[in-house]
Amino acid sequence: MGKVEVVRGDITQMAVEAIVNAANEQLLPGGGVSGAIHRAAGPELAEACRKVAPCPTGEARITPGFALPAKYVIHAVGPVWRGGEANEPALLEKTYRSALALARAHQIRTVAFPSISTGIYGFPLEKAAPIALRVLLQEAPHFEALFLVAFDEKTYEAYTQALRQLAP
Ligand code: ADP
């Protein structure tokens with residue numbers, strides 16, 4: 001059974017086979033974690049994204065990692081929070097599942113995720129954390145290790161608390 005770990009840090013530094021990008025449907029660099037990943041990977045990443053774009057909400061696309069320590073980037077598009085009545089929780093779950101399905105299809109054994117949709121897309125962190133971790137825990141047997149990388153303390157706290165509740 002693979003492990004699920006919550007860590008605090010910068011996902012661009014993660015030496016795993018694939019890091020997940022919280023992407024937009026156009027797969028354009030943008031801000032937040034996506035901007036950081038594109039800066040660290042170099043301009044070839046935007047070029048590779050153009051070839052596999054667009055990516056509808058809930059789906060994922062894969063590219064090389066270029067200058068990143070990670071061999072691949074899995075670009076996954078989470079939902080924009082619209083108040084909670086627009087299927088956002090199911091779409092967020094689907095986004096994590098799509099990213100992991102793509103990883104499995106490429107025989108990838110180690111994957112690091114950011115907290116998809118809880119930045120610019122406005123998904124409430126305390127609702128997103130258990131959704132993300134439930135999928136990661138379910139899929140863990142198919143992997144060596146799955147990481148949830150929290151960029152700030154508030155995110156780290158929300159995920160460690162959710163992990164304690166789901167996998168005590
Ligand atoms: P979204 O548009 O899906 O909400 P954001 O990039 O705005 O995506 O935010 C998603 C999460 O990624 C937020 O918790 C944000 O703090 C975090 N984040 C930003 N930069 C990094 C980074 N370098 N590594 C890991 N997480 C990051």
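In each ligand, atom 1 is the first atom listed, and ligand 1 is the first ligand listed. For the single chain, residues carry numbers from 1 onward in sequence order.
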Within-cut-off N or O pair, [X] and ligand 1, under 3.5 Å:
X	result
T12	no
I120	yes
P114	no

**Study point:** Protein heavy atom at shortest distance from atom 9 (O) of ligand 1
**Key:**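 Answer, as residue, atom name and distance: G119 CA, 3.3 Å.
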- In the protein, which heavy atom is nearest to atom 25 (C) of ligand 1, and how far is it?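 The closest heavy atom on the protein side is I11 N, 3.6 Å.
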What I want to check is whether the side chains of H75 and R61 have a donor and an acceptor closer together than 3.5 Å.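 Their side chains do not contain a donor-acceptor pair, so the 3.5 Å distance test is not met.
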Going by atom types only, do S115 and Y159 share a side-chain donor-acceptor pair under 3.5 Å?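 Present: a donor and an acceptor within the cut-off.
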Practice prompt. For atom 15 (C) of ligand 1, decide whether some protein heavy-atom distance is shorter than 4.0 Å.
Written response: no
Find all atoms of ligand 1 within a distance of less than 4.0 Å from any non-hydrogen atom belonging to [X], and give their numbers and elements.
X	result
G32	6 (O)
A22	3 (O), 8 (O)
V33	6 (O), 12 (O), 18 (N), 19 (C), 20 (N), 21 (C), 22 (C), 24 (N), 25 (C), 26 (N), 27 (C)
D10	22 (C), 23 (N), 24 (N)
S115	10 (C), 11 (C)

**Message:** Is there a salt bridge (Lys or Arg N to Asp or Glu O under 4.0 Å) between E17 and R109? Walk through the geometry before answering.
**Reply:** CA-CA 7 Å; E17 284 173 75; R109 304 276 301 153; 6.0 Å; no
Which of N21, L27, V73 passes side chain to side chain contact (heavy atoms under 4.5 Å, CB included) with C49? It is L27
Discussion item. Would E93 and R134 count as a salt bridge (Lys or Arg N to Asp or Glu O under 4.0 Å) here? Give the steps.
Written reply: CA-CA 9 Å; E93 178 177 336; R134 212 174 290 123; 5.6 Å; no
Nearest non-hydrogen partners of T12 and P69, listed with the distance |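 So the minimum-distance heavy-atom pair works out to O-CD, 3.3 Å.
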| message | If you compare all heavy atoms of P114 against all heavy atoms of V20, which two are closest, and at what distance to 0.1 Å? | response |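 Reported closest heavy-atom pair: CD-O, 3.1 Å.
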So do the side chains of Y156 and V6 get within less than 4.5 Å of each other, counting heavy atoms only? yes
Looking at Y159, F151, Y156, the heavy atom closest to atom 27 (C) of ligand 1 belongs to F151
Shortest reach to atom 1 (P) of ligand 1 by a heavy atom, considering only A128, S117, G30 =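 The nearest heavy atom belongs to S117.
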Answer yes or no: does atom CZ of R8 have more than 12 heavy-atom neighbours from other residues, nucleotides or ligands under 6.0 Å? yes
